[in-house]
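For reference, the structure is listed below as structure tokens.
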Amino acid sequence: MYSSSRPDSSLLYRDFQCSQLVIFTGVNSGYMLGKGAKRKHEENEDELEGAAPAPASGEPADGPSKASYTLQRQTIFNMSLMKLYSQRAPADASLERRVLINNMLRRIQDELKQEGALRPLLLPASSPPEDPADEGFREAQPAFAVPAAPDSCLTPASLLEDDTSLFCTSPPPHGPPRPAPQAAKDSFSSALDEIEELCPATATTSPSDGTPSAPLSTEAQSKDKNGSQRPGGSASPAEERTSAADPAPPNGLDMSPSAPPSSSPSSSSGFLTDLALDDILFADIDTSMYDFDPCTSGAGAGPPKVAPVVTADDLVKTLSPYSGGSPSSGPSQPFKMDLAELDHIMEVLVGS
Amino acid sequence: MAGAGGGSNDVQWCFSQVKGAIDDDVAEADIISTVEFNHSGELLATGDKGGRVVIFQQEQETKGQPHSRGEYNVYSTFQSHEPEFDYLKSLEIEEKINKIRWLPQKNAAQFLLSTNDKTIKLWKISERDKRPEGYNLKEEDGRYRDPSTVTTLRVPVFRPMDLMVEASPRRVFANAHTYHINSISVNSDYETYLSADDLRINLWHLEITDRSFNIVDIKPANMEELTEVITAAEFHPNQCNTLVYSSSKGTIRLCDMRAAALCDKHSKLFEEPEDPSNRSFFSEIISSISDVKFSHNGRYMMTRDYLSVKIWDLNMENRPVETYQVHEYLRSKLCSLYENDCIFDKFECCWNGNDSVVMTGSYNNFFRMFERGHRRDLTLEASRESSKPRAVLKPRKVCAGGKRKKDEISVDSLDFNKKILHTAWHPQDNIIAVATTNNLYIFQDKMN
């Protein structure tokens, strides 16, 4: 069970068998959702009717059921990230569990890719906390770190320029980022390393607003602190990488806005992963970001806006918790920010 | 049914004994992690999270109580594994006993293999009920006598003493597994055994501890591409060249060691195509096989995934011959079970002596039996409430939805912390051992 201080976060999921929509609250209980409350039939009639059962790859036709499907998918995606990234004693780390969660993330990612009409969202290389017990991680290091082209996991800038909609495009040349079930050898950390490699070499073209970059560089710093023994700034692929999920614990995340913006436009992948991570991490700090209450945001209001507009102001406000400021973005429609936010931060980075 | 000749519903299961602490406050070290009868059924071994092995021995049936089988009493307790620290990786290696497997008895002593995540040990359990007395150079308490005081010689004689059961480690098979060992299985040649971790299976000789042969390796060249792990493995009960291993994707591979030294290429692949109407986000996770067991006659094998038990004919690869739903009512709850990690629980399963009934555990301290021939199933509960001596267990029922009948339990009141992961069936008689979190229940059929 991951340690989450989320209060009463409700989970809405589609009950594919029984045509009931049930909200469950409570996370850390072995009991089955003791505080669950059943929604009244009238409320969810719209969503239930015509909804296709469990379309793992297909999409429900009509809006409301697609909304609930999308919502559930998002819920599961977030849960999966939490599971992989939450701090956990290494003894608990079961390789099978991590592999299965990883596969789940990958599947959802592939679905999003398809839905985004070939505009895949570069999701974090869902790398679980580092388990040094996994020899594979060590063995893979020397073999694959070096040959990885500097931009193999990074978004080709051309694709980014084309992208004006919700999802960020970033298919690595070798296909969708392959999350490593083992700790560090994942596209995220390799992306991070490559970013660091690029740091001294390339003039950054990232916007002057250092804030969005802060998490990235501080992420790198925290990774360094977490014992990767890497000389600061230069990625030494042969060295052991701690996966970002080695949960850059919130306390290890040194959110100094003064950190040099080390991002380049093509560091989107790394940054996106950072941001997704930070999303989770900040769940502890600002639970409003994770407080997706479908009653208020989703079902009642009709089809949820899958592609809502989030202004740069919103983003800045969102990012302010990074600097230790109080979270200023209210809990209004928090869950939509997950994808839209990534997208817009991307755009900010790219400077478009 | 062994001995009884009837179906599981003809058998009435009665409470016999319960072992373990009574209070609800469970010490972590007392959590039972494996249960196994030996080949005669006289001994019952349990392993726990604290690395201890407790062996119970069945009493000889006394003339005084012809209607019940002997009770199981503690025979030996020993610390099998200690926690270790891997300094290289800064990781603690748990002492939890993952599996115990008995060797067939060859002489007066008993042998068993016990394993934690990294190391397998062969233990010899022997009895001592006599001791020599009458030494010349030693006093009875062990002090040495001054040789000059010895005036006569005598021959020491053996005299009876209180039974002492000693467990001594005879072999330690270490450093062969990078990943966590999930299975061990003794071969029918009684000379070799296999140990399986998440990615590899090794073949050992019981006499040789410094070498093992790797026979299956599914580690990909690039660990980023890892999508499947080994979850269980077992040798065929009769054919010493045949083994099976199951995966997290719901497949079982049968390998023949005669075909090649490295059995990466399977001889048979058992996989059931997914039912499209049941597809969900969790399809893969619930298809992950948590246990695989050959039938005693070697013609079938049984697999346990999260929601069902499947029986496969070794000659038919494309689908199981029988499928039993263990707790189908959980299918609609998979999302929350994923959230609280219960979806990753690894349930084991077992056959009865004549392969007519299979048993597996569930939640709320329920366990299920499926009678193959008559297609009947039974749900029972291991609880202190129904723990009166020789009390017949009442069948339980879970109400999936709609109106709950009297005595039924609704799905939402199930306690998901009370899970029965480990069960064992006596090789000949209708005696079963069912492990709750920290208690071991022994049930037997009602003999009239």
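Here is the naming used below: chain letters follow the sequence lines, and residue numbers restart at 1 for every chain. As the structure is a computational prediction, the values presented were derived from the model and not from experiment.
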Are more than 12 heavy atoms, taken from residues, nucleotides or ligands other than B/N175, located less than 6.0 Å from that residue's CG atom? no

Distance from B/F281 atom CZ to A/F77 atom CZ, nearest 0.5 Å? 12.0 Å

Output the distance between atom SG (B/C335) and atom CD (A/Q72), rounded to the nearest 0.5 Å. 5.0 Å

Can you tell me how far apart CD1 (A/I76) and CG (B/L334) are? Round to the nearest 0.5 Å. 9.5 Å

Distance (rounded to the nearest 0.5 Å) between A/S94 OG and B/D341 CG: 9.5 Å

Toward chain A, the part of B/F344 with a non-hydrogen atom under 4.5 Å: side chain

Testing the basics here: between A/V99 and B/V229, what is the closest heavy-atom pair and its distance to 0.1 Å? CG2-CG1, 3.9 Å

Looking at every heavy atom in both B/E339 and A/K83, which two are closest together, and how far apart are they? O-NZ, 3.0 Å

Does B/F213, at its CZ atom, have more than 12 non-hydrogen atoms belonging to other residues, nucleotides or ligands within less than 6.0 Å? no

Decide yes or no for B/N182 and A/E96: does some side-chain heavy atom of the first lie under 4.5 Å from some side-chain heavy atom of the second? no

In chain order, what residues pass the salt bridge (Lys or Arg N to Asp or Glu O under 4.0 Å) check against B/E82, with sequence neighbours excluded? none

To the nearest 0.5 Å, tell me how far A/L100 CG sits from B/I343 CD1. 9.0 Å

For B/S247, is it the side chain, the backbone, both or neither that has a heavy atom under 4.5 Å from a heavy atom of chain A? neither

Can you tell me if CZ on B/F85 sees more than 12 non-hydrogen neighbours from other groups inside 6.0 Å? yes

Sorted by chain and residue number, the ring pair (Phe, Tyr, Trp, His ring centres under 6.0 Å) partners of B/F347 (sequence neighbours excluded) come out as B/H327, B/Y363

Starting at CG of A/L95, measure out to OG1 of B/T231 and round the result to the nearest 0.5 Å. 11.5 Å

